[in-house]
Amino acid sequence: MLGAYLTDPGRRGLGLKDQVFQRLGIVMTPISQLIGTGSKMISMAQVPIRLAADYAGADADMTLRLVEPIKSELRRHSLMNLYNSIELPLLPVLLKMEMYGVALDAAFLAELERTLAEQIRVLEHEIYDTVGHHFNINSTKQLGDILFGELKLPSGRKTKTGYSVSADVIESLRGKHPMVDYLLEYRQLTKLKSTYVDGLLALMDPLTGRVHTSFNQTVASSGRLSSSNPNLQNIPVRTEVGRQIRRAFIADPSFVLLTADYSQFELRILAHITHEPRLVEAFSKGEDIHTITAASLFNIPVAEVTKGQRRLAKTVVYAVLYGQSAFGLAQITGMSNSEASEFIKRYHETFPNIKGYVDSTLNQARIQGYVNTLFGRKRFFPEMRTLAFNERLALEREAINMPIQGGNADLIKIAMIRIQNELEKRKLKTRMILQVHDELVFEVAVEELERVKRLIKGMMEGVARLDVPIKVEMKVGRNWYEAEPME
DNA sequence: GCAGTCACG
DNA sequence: ACGTACGTGACTGCG
């Protein structure tokens with residue numbers, strides 16, 4: 001955990017642990033190799049006690065040897081404060097969240113499993129019928145050959161290995177062949193069944209009926225958490241059928257689920273960092289930021305903004321925030337390239353300070369070799385000048401995004417530490433069980449509900465004093481579907 | 001073990 | 001001239 005903030009985990013070069021190991025000449029043998037099981041996964045309980053003891057001893061020894069070298073690296077990069085005031089205190093908070101876990105409605109999932117299996121079976125047959133023979137629908141190769149070879153449908157993008165058969169390509173074939181609709185539905189339902197229904201049931205503790213995710217603290221380069229086994233940060237929400245999965249996440253008897261969402265957090269952080277007057281003004285007055293943006297982009301009064309225009313404005317805002325090109329914006333919105341670049345231009349005219357932020361962040365990355373968040377979290381960048389054009393652009397987008405996404409991560413982590421402290425200090429039964437980047441989920445004892453809502457809202461909104469107010473929206477329900485906030 | 005696909009913020 | 005939005009994790013097929 002100690003060293004993850006110095007490198008770029010998962011992306012470039014060795015992690016700090018491996019750098020230190022290399023310097024100290026240490027090579028650790030994986031336990032599977034010690035006992036000769038090869039790549040076959042076995043439980044630790046099956047490892048002979050003598051070997052397990054040696055391995056555990058070596059593990060502890062190596063960890064201890066890493067402490068000083070890594071701390072000195074943290075000091076060298078002025079990261080001890082981040083470590084001491086955020087990451088280290090967060091560790092026990094995450095541990096408790098993992099141990100509490102989330103209760104699942106196993107009967108609901110089992111019933112959903114049966115329904116989906118039947119629907120999938122029907123769709124499979126429809127697909128085989130329209131094509132005229134069986135094939136493996138899950139094989140991108142077979143599917144591509146059938147769609148674009150056999151059926152002669154117009155192919156779109158190519159991938160390294162052949163035709164692209166991703167949803168947006170298939171979507172463009174709607175109406176051209178009867179299998180298209182079946183295929184898209186088949187894709188959606190098999191995804192739900194395998195990843196969410198079967199996946200969650202397989203990871204549920206049969207005795208307690210709960211699942212216990214791992215919150216990974218040292219994976220994301222931006223400082224975000226990630227969640228695995230199962231990933232509880234990507235439970236479906238965008239489509240109604242997917243959203244049903246959330247009904248499976250329930251509260252214990254005499255408890256309810258409470259979700260608390262930071263509203264437009266990244267944009268508020270952007271407003272704070274850039275001091276952009278129009279953004280700051282809109283947030284301070286409590287106005288709907290996407291409606292304001294839409295009015296300006298379309299040059300119409302706020303009262304005349306339609307839902308579609310608002311949605312488009314939201315897309316443009318995030319496009320600019322993440323450095324998307326006019327081409328990319330055109331692709332996902334369906335507008336023309338020139339319309340897209342006109343929108344981006346108007347956005348910069350409306351919020352002129354944003355451009356300054358982009359330029360100064362890029363300069364920072366170039367000159368000092370890293371960019372940072374408000375709380376000093378850093379992301380390092382290699383020498384950009386030597387890179388190929390498109391590689392450099394990719395790094396530039398990462399640099400622009402990091403202070404915002406990372407600032408978001410800093411702030412919610414601080415709120416989590418304070419909330420957990422407060423829950424314990426007040427001996428409340430309520431427990432924090434999930435974090436989904438700008439949302440916290442709590443399992444709240446019914447009798448504590450009003451008190452806990454006040455407490456959590458206050459602590460989340462008061463996590464820092466920014467140039468703009470911080471707003472949290474809450475919702476309560478018996479399950480995560482009922483408690484899922486709007487937007 | 002990689003590639004493609006798709007679920008989320 | 002180039003490829004085209006940031007950050008993740010899980011599942012399936014295939015060499």
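Chain letters run A, B, ... following the sequence lines, proteins first, then strands; residues in each count from 1.
Ranking dG4(B), dG9(C), dA7(B) by closeness to the Gln188(A) side chain, first place goes to dA7(B). The side chain of Ser139(A) lies closest to dC14(C) when the candidates are dG9(B), dG4(B), dC14(C). When distances are taken from the side chain of Thr195(A) to each of dT5(B), dA10(C), dG4(B), the shortest belongs to dA10(C). Between dG4(B), dC6(B), dG9(C), one nucleotide has an atom nearer to the side chain of Asn231(A) than all others, and that is dG9(C). Here the side chain of Thr140(A) is nearest to one of dA7(B), dT5(B), dG3(C), namely dT5(B). For Arg397(A), the listed nucleotide lying nearest its side chain is dA5(C); candidates were dG13(C), dT8(C), dA5(C). Of the candidate nucleotides dG3(C), dA7(B), dC6(C), dC6(C) has the atom lying nearest to any side-chain atom of Gln405(A). The side chain of Asn234(A) has dA7(B) as its nearest neighbour among dT12(C), dG7(C), dA7(B). Taking the side chain of Phe327(A) as heavy atoms from C-beta on, and the options dT4(C), dG3(C), dA5(C), the nearest nucleotide is dT4(C). You'll find that the side chain of Ser221(A) is closest to dT8(C), out of dC6(C), dA3(B), dT8(C).
Positionally, the nearest nucleotide of DNA chain C for Ser325(A) lies more toward the 5' end than for the other of Ser325(A) and His437(A).
Scanning atom types as modelled, one donor and one acceptor separated by under 3.5 angstrom connect the side chain of Arg238(A) and the base of dG9(B). Contact annotation: side chain of Ser226(A) to base of dT8(C), donor-acceptor pair absent below 3.5 Å.
As rounded to whole Å, 13 Å separates atom C1' of dT5(B) from atom CG of Leu184(A). Computed from coordinates, the Glu391(A) CD to dC6(C) P distance equals 13 Å when rounded to whole Å. Atom C1' of nucleotide dG3(C) and atom CD of Glu396(A) are separated by 14 Å, given to the nearest angstrom. Nucleotide dT5(B) holds its P atom 11 Å from the CG atom of Leu147(A), rounded to whole Å. Atom-to-atom, CG of Leu321(A) to P of dG7(C) comes out at 13 Å; the value is rounded to the nearest Å. Between Leu183(A) atom CG and dC6(B) atom P there is a gap of 9 Å when expressed in whole angstrom units. Rounded to an integer number of Å, the gap from CG of Asn138(A) to P of dC6(B) is 11 Å. Rounded to a whole Å, the CE atom of Met402(A) is 16 Å from the C1' atom of dG9(B).
Checked by atom type, the side-chain pair Asn372(A)/Gln364(A) shows a donor-acceptor distance below 3.5 Å.
Within the 4.0 angstrom heavy-atom criterion, base atoms lie near Ile332(A). Within 4.0 Å of Val237(A), counting heavy atoms only, lie sugar-phosphate atoms of the nucleic acid but no base atom. Among the heavy atoms of the strands, none lies under 4.0 Å from Glu266(A). The residue Ser227(A) sits close only to the backbone: its heavy atoms come under 4.0 Å of sugar-phosphate atoms, none of a base. Asn408(A) comes within 4.0 angstrom of nothing in the nucleic acid, heavy atoms only. Using a 4.0 Å heavy-atom criterion, one finds that Thr161(A) contacts the sugar-phosphate atoms exclusively. Among the atoms of the strands shown, only primed sugar atoms or phosphate atoms (P, OP1, OP2) are found under 4.0 Å from some heavy atom of Ala167(A).
On the P atoms, dT4(C) is 14 Å away from dT5(B), given to the nearest whole Å. Nucleotides dC6(B) and dG3(C) are separated by 23 Å at their P atoms, to the nearest Å. Rounded to whole Å, the separation between the C1' atoms of dC2(B) and dA5(C) comes to 24 Å.
In this structure, Tyr182(A) has its ring center no closer than 6.0 Å to that of Tyr128(A).
Atom CZ of Arg366(A) has more than 12 neighbouring heavy atoms from other residues, nucleotides or ligands inside a 6.0 Å radius.
Searching all strands for a Watson-Crick or G-U wobble partner of dT8(C) with both distances below 3.5 Å returns dA7(B).
Taking the six-membered ring where the residue is Trp, Phe343(A) and Phe298(A) present perpendicular rings, their angle passing 60° and hence far from 30°. Between Tyr262(A) and Phe265(A), the two ring planes are parallel [angle under 30°; tilted spans 30° to 60°].
In terms of phosphate contacts, Lys191(A) brings no side-chain nitrogen or oxygen within less than 4.0 Å of OP1 or OP2 of dC6(B). Under 4.0 angstrom from either OP1 or OP2 of dC6(B) there lies at least one side-chain N or O belonging to Arg187(A). For the OP1/OP2 pair of dA10(C) and a distance below 4.0 Å, the side-chain nitrogens and oxygens of Asn229(A) include at least one atom meeting the criterion.
Inter-residue side-chain proximity for Ile146(A) and His133(A) is flagged as met; some heavy-atom pair is nearer than 4.5 Å. At a threshold of 4.5 Å between non-hydrogen side-chain atoms, the residues Leu321(A) and Ile400(A) do not count as touching.
Note on Glu443(A) versus Arg210(A): salt bridge recorded, some NZ/NE/NH1/NH2 to OD/OE distance being below 4.0 Å.
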